[in-house]
Amino acid sequence: MNDQPESPLQAPRGCPVAHHAAELTRLYGPEAATDPGSIYERLRKEHGSVAPVLLEGDVPAWLVLGYRDTRRVLDNPRQFSRDARIWRDWTEGRVEETSPLIPMLGWRPDCVSQDGEPHRRLRSAVTDGLQAAAVRGIRRHATHFANKQIDAFAATGRADLVTDYADYLPMLVLSRILGLPEGEGRDLVESCAQVLKGGEDALAHNDRIVTILGALAERKRTEPGGDFTTALLGHAAGLDEEEVVSHLRLVLIAAHTTTSNLLARVLQLILTDTARLSGLISGQLNVSAVVEEVMWNSPPLAVLPGRFAAGDLELGGHQIQEGDLLVLGLAAGNVDPEIRPDTDVSVQGNQAHLAFSSGPHECPGQGIGQSIIEIAVDVLLHRLPGLTLAVPPEELTSTASTWESRLDSLPVEFPA
């Protein structure tokens, strides 16, 4: 730690708040919404692999930008806990219960909020339930709903593959997996998006999701079926009611938002590169190779929430204090010059990206998401021969929140 005297406005130099708030970079707001990549690279030049930043409400955090440091955090839960109950700004009352950060960072009785044996107990129920769901036909559900979405616009010759396809397809498949009616699944798309977007409506949308899933769990206790909800209710781990609903929420939000974002980016890459498009149509290129490339260059979660320092330690040349919040820059870590000095070099066959996290909390449903995307692309190209982008590639825009950057639209045309 620095032995220099502290000013009345500044904490010890190691803390994110050591730099006056006016000097810190915000990961939200107009600049962050339009060009988050430039912010990450500027922070890397100024601070190295770890940088002090501000989240919504000017809540301080450390943004981990380096690939190796991100791996260290993810792979060492004893040093970097997922348990928000040790988050100092929360325990000392500097984060309001109504903060839009709470749906993403707050503690709840699910496996991503726990470490050690409590984590293993809860995660076993999730992984077993997801494996059972996959066996029951993810690809069949994805094929059905991909065709259903395409049916709605196939005769028009035009579509927006974000709002007409990528935004809804993953949720419809997840609705079938969880045991939700299709109509309720469609209604939840907006709520999931608002939770990731943050802002004043995030908490209300989070509560709406919990209410709908609570009703689902109650219904499945008396009307069990071959779905993920029923599997959680009957699992040997003995989840209580709150734990069941928390895991339904976790799977719904995480799986839908990441898969829909990834699908949109995969379609963007295919439609802005004629070589990739022709390779997929001819069978010389498979979808999984394109997905892998996107997971390196445009991971569906740009910033992963969050870890909390279990003690005072050093990371990336900075002194981290017990209870400090760390958020993990997956997008920045994937293009870290120390591991990718030339981002134009092909990453085909390299699965060491950070898109699915790492360590004990690595995404347990990544296979399901990839299956949905592969089916979505295959069905789309089969159903709509002659599919082309309807605008110049440079006109495509994205909007970012603290946690993700989403493609705004992907207008296409094709023979009706």
Side-chain angles (χ1 to χ4, degrees), residues 25-41 43 53-56 59 61 63-65 70 74 100-105 112 161-163 165-171 174 188-199 201-203 205-206 209 249-269 291 293-307 326-335 353-357 361 363 365-366 369-370 372-373 396-410:
T25 296
R26 291 178 170 86
L27 289 191
Y28 67 99
E31 183 187 1
T34 56
D35 194 6
S38 293
I39 292 178
Y40 305 150
E41 292 315 304
L43 289 170
V53 295
L54 295 173
L55 307 183
E56 282 189 86
V59 173
L63 174 63
V64 185
L65 300 157
T70 298
L74 292 172
L101 296 176
I102 296 305
M104 297 300 292
L105 290 167
V112 299
L161 294 183
V162 172
T163 57
Y165 198 59
D167 275 357
Y168 284 93
L169 178 54
M171 179 62 80
L174 286 166
L188 285 171
V189 168
E190 176 65 15
S191 289
C192 286
Q194 291 299 324
V195 169
L196 268 288
K197 184 179 179 180
D201 295 331
L203 217 60
H205 281 281
N206 185 74
I209 292 169
R249 171 196 174 277
L250 170 66
V251 170
L252 184 84
I253 295 176
H256 167 67
T257 55
T258 57
T259 307
S260 63
N261 195 355
L262 187 57
L263 174 56
R265 294 297 184 183
V266 167
L267 293 172
Q268 178 188 14
L269 182 58
V291 173
E293 184 176 353
V294 173
M295 287 192 291
W296 272 105
N297 296 325
S298 302
L301 273 184
V303 176
L304 178 70
R307 298 295 188 272
L326 301 97
V327 293
L328 307 173
L330 306 184
N334 275 351
V335 294
H353 57 77
L354 299 168
F356 291 131
S357 180
H361 290 281
C363 173
Q366 53 192 270
Q370 286 181 279
I372 293 172
I373 291 170
L396 298 176
T397 60
S398 300
T399 302
S401 68
T402 298
W403 314 110
E404 61 173 1
S405 177
R406 298 188 76 90
L407 189 64
D408 294 322
S409 65
L410 190 61

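- Applying the ring pair (Phe, Tyr, Trp, His ring centres under 6.0 Å) test to His205 and every residue at least two apart in sequence or in another chain returns nothing.
- Scored by the side chain to side chain donor-acceptor pair (under 3.5 Å) test, Glu56 finds no partners at all (sequence neighbours excluded).
- Shortest non-hydrogen contact noted between Val195 and Pro103 is CG1-CB, 3.9 Å.
- For Glu41, the salt bridge (Lys or Arg N to Asp or Glu O under 4.0 Å) partners are Arg44, not counting sequence neighbours.
- The side chain to side chain contact (heavy atoms under 4.5 Å, CB included) test applied to Asp35 returns Ser38, not counting sequence neighbours.
- Every residue two or more places apart in sequence or in another chain that forms a ring pair (Phe, Tyr, Trp, His ring centres under 6.0 Å) with Phe356 is listed here: His353.
- Arg249 places a side-chain heavy atom less than 4.5 Å from the side chain of Asn206.
- The minimum heavy-atom distance between Tyr40 and Leu27, with the atom names listed, is CE2-CD2, 4.5 Å.
- Using a 4.5 Å heavy-atom threshold, the side chains of Gln366 and Met295 count as separate.
- Annotation: side chain to side chain contact (heavy atoms under 4.5 Å, CB included) contacts of Asn297 (sequence neighbours excluded): Glu293, Arg340.
- Annotation: the span from Asp201 atom CG to Gln194 atom CD amounts to 6.0 Å, rounded to 0.5 Å.
- With rounding to the nearest 0.5 Å, the separation of CD1 in Ile253 from CG in Leu188 is 9.0 Å.
- Taking CG from Leu161 and CG from Leu263, the interatomic distance works out to 8.5 Å, rounded to the nearest 0.5 Å.
- Thr163 is linked by a side chain to side chain contact (heavy atoms under 4.5 Å, CB included) to Asp160, Asp167, counting only residues two or more places apart in sequence or in another chain.
- The side chain to side chain donor-acceptor pair (under 3.5 Å) test applied to Thr259 returns no partner, not counting sequence neighbours.
- When all heavy atoms of Ser405 and Asn261 are compared, the pair lying nearest together is O-ND2, 3.3 Å.
- Counting heavy atoms from C-beta on, the side chains of Leu354 and Pro299 never come closer than 4.5 Å.
- Across all their heavy atoms, Ser357 and Leu74 have their closest contact at OG-CD2, 3.5 Å.
- By the side chain to side chain donor-acceptor pair (under 3.5 Å) test, Arg307 is found to be paired with no residue, residues two or more places apart in sequence or in another chain being considered.
- To the nearest 0.5 Å, the span separating CG on Leu196 from OG on Ser191 amounts to 12.0 Å.
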Apply side-chain contact (heavy atoms from CB on, under 4.5 Å) to Val162 and Asp408, showing your working.
CA-CA 7 Å; Val162 172; Asp408 294 322; over 6 Å; no
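- Under the rule for a side chain to side chain donor-acceptor pair (under 3.5 Å), the partners of Arg406 that lie at least two apart in sequence or sit in another chain are Ser260, Glu404.
- How far CG of Leu250 is from CD1 of Ile209: 11.5 Å, rounded to the nearest 0.5 Å.
- Atoms CG and CG, from Leu267 and Leu407 in turn, are 9.0 Å apart once rounded to the nearest 0.5 Å.
- The nearest pair of heavy atoms linking Val189 to His256 is CG1-NE2, 4.0 Å.
- Val64 pairs in a side chain to side chain contact (heavy atoms under 4.5 Å, CB included) with only one of the listed residues (Val327, Leu328, Val303), which is Leu328.
- Here Pro305 pairs with Met104, Leu105, Trp403 under the side chain to side chain contact (heavy atoms under 4.5 Å, CB included) rule; sequence neighbours left out.
- The two residues Leu410 and Ala264 have their closest heavy-atom pair at CD2-O, 4.2 Å.
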